[in-house]
Protein chains: 2
Amino acid sequence: MLIRHPLIFKALQRLAPIPPEQWARLEGFLRPRRLAKGRAFIEPGQPADEAAIVVTGLFRFYYTDQDGREATKAFRGPGEMLAAYAELLDKRPSRTTIEALEDSEILVVRYERVTALYDDHACWQELGRVIAEDHYRQRERREQELLLNSATERYRDFLKEKPELAAKLPQKLIASYLGITPVALSRISAPGRRKKKAR
Amino acid sequence: MLIRHPLIFKALQRLAPIPPEQWARLEGFLRPRRLAKGRAFIEPGQPADEAAIVVTGLFRFYYTDQDGREATKAFRGPGEMLAAYAELLDKRPSRTTIEALEDSEILVVRYERVTALYDDHACWQELGRVIAEDHYRQRERREQELLLNSATERYRDFLKEKPELAAKLPQKLIASYLGITPVALSRISAPGRRKKKAR
DNA sequence: TTTCGTCGTTAACCTATGTTAATCCGCCAT
DNA sequence: ATGGCGGATTAACATAGGTTAACGACGAAA
């Protein structure tokens, strides 16, 4: 049994036990793709029919509303999954942009290939379930942060939980992730001299 | 094959095809419970080891932070599921309160009963996956609302999407769901002479 | 009935964050 | 180097929403 992508195999293996012969089936569907910095894996309007695993690189997920305002949903790196997930499940066009922040390598699979596996072996149902549960936890956590914490608290938590990301991302992207403007983030993070508005 | 809860069976059936003989196994685990208005299905600190389906009634899910502030996560009614979902998955104590807003009837199952079914028949894996995906969609949608929309817009959307709920819930609970104070909601909703329009 | 508590509204004031704009700085391409 | 550009900072001002408090409407308990 040749396993061409042992790191990916191990990453999924931690989520659900995939028998090697089943893994071979998925692996046969994976297609490598390179995305230069600035290019998108998917953009609004495009059919959300692919998913991918990051091998190297870094990606940003974001919504854009009708007024052109952006809100960053997540950052994802090696071993993590790329997909406009809700739209993929709903078989609708993407409303999300997934953009490479660095030159990146990913392994792409058509989602229908994955759903086809569901009927073949329960391990795929399980993997699908665990992935969905994992996505759920991330969203719930973030919802709680947004509902209960101030921007200052959210920034502090971000620094604590993703120090590597915080170090290499430009402030404007961090601000977008926190749901505030770069100006507001600068007030929070900069050594800025708080002063009274004398009047 | 006796199906004691045809409505519940149908509700789940829409999510994933459960063979009747499999359904009988889950049904054997369901225990009816009544909760008077004001009582909680689960509260912070309690082990999150049960899930339930609402037969009649209405429930509110909310977080409470260390400062005692509440944030309402969701409302759920007949045919919908009750569980401190993330904590259930993580086998951790609840951080969520699920409170009956009316006298309610539910069918309770220990979560370990459900996970035990996962190994018996792939339909349960599928049901688990579809439920997780469903929960995911709800959270993602809400995250997007919170990141991109003002309180006024969120209120307008809530009225449009859940008019029945909006009609019977006290304003303070709607405010908590929107992530604002009752005072702020009153400014938005009251006949008070505000001539602002949503963005 | 009276009393009490909760809820919704309104007002006054406060604070966090948005908006716009100016400045500065580092970097890249000519 | 020179010029230009985008990102970060800072300032000045605008606005949404929070906080506190007063008040009236209502319903439950006495």
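Atoms considered below: every heavy atom in the structure, side chains included; atoms not considered: hydrogens, waters and symmetry mates. Chain A is the first sequence line, chain B the second, and so forth, proteins listed ahead of strands; every chain is numbered from 1.
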Is the gap between the ring centers of [X] and [Y] under 6.0 Å?
{"X": "A:Phe59", "Y": "A:Phe41", "result": "no"}
{"X": "B:Tyr85", "Y": "A:Tyr136", "result": "yes"}
{"X": "B:Tyr118", "Y": "B:Trp124", "result": "no"}

Margin query: By the ring-ring contact (aromatic ring centres under 6.0 Å, His included) test, which pairs, at least two apart or in different chains, include something from residues 90-109 of chain B?
Written below: none
Can you measure [X] atom [atom1] to [N] atom [atom2] for me and round it to whole angstrom units?
{"X": "B:Leu185", "N": "C:dT9", "atom1": "CG", "atom2": "P", "answer": "8 Å"}
{"X": "A:Ile180", "N": "D:dA8", "atom1": "CD1", "atom2": "C1'", "answer": "14 Å"}
{"X": "A:Lys172", "N": "C:dG18", "atom1": "NZ", "atom2": "C1'", "answer": "17 Å"}
{"X": "B:Leu178", "N": "D:dG18", "atom1": "CG", "atom2": "P", "answer": "10 Å"}
{"X": "B:Glu153", "N": "D:dT15", "atom1": "CD", "atom2": "P", "answer": "17 Å"}
{"X": "A:Ile174", "N": "D:dG7", "atom1": "CD1", "atom2": "P", "answer": "13 Å"}
{"X": "A:Glu70", "N": "C:dG18", "atom1": "CD", "atom2": "P", "answer": "15 Å"}
{"X": "B:Leu169", "N": "C:dC7", "atom1": "CG", "atom2": "P", "answer": "13 Å"}

Next item on the list: Identify, between A:Gly179 and B:Ala184, the residue whose nearest nucleotide on DNA chain C lies closer to the 5' end.
Entry: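 That would be B:Ala184.
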Notebook entry, point to check: Between A:Val183 and A:Ala151, which has a closest nucleotide on DNA chain C that is more 5'?
Noted result: A:Ala151
Note to self: Between the base of C:dG8 and the side chain of B:Arg187, is there a donor and acceptor pair under 3.5 angstrom?
What the structure shows: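 Answer is no: no donor-acceptor pair is held.
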Next item on the list: Tell me whether the OP1 or OP2 atom of C:dT17 has a side-chain N or O from A:Thr181 closer than 4.0 Å.
Entry: no
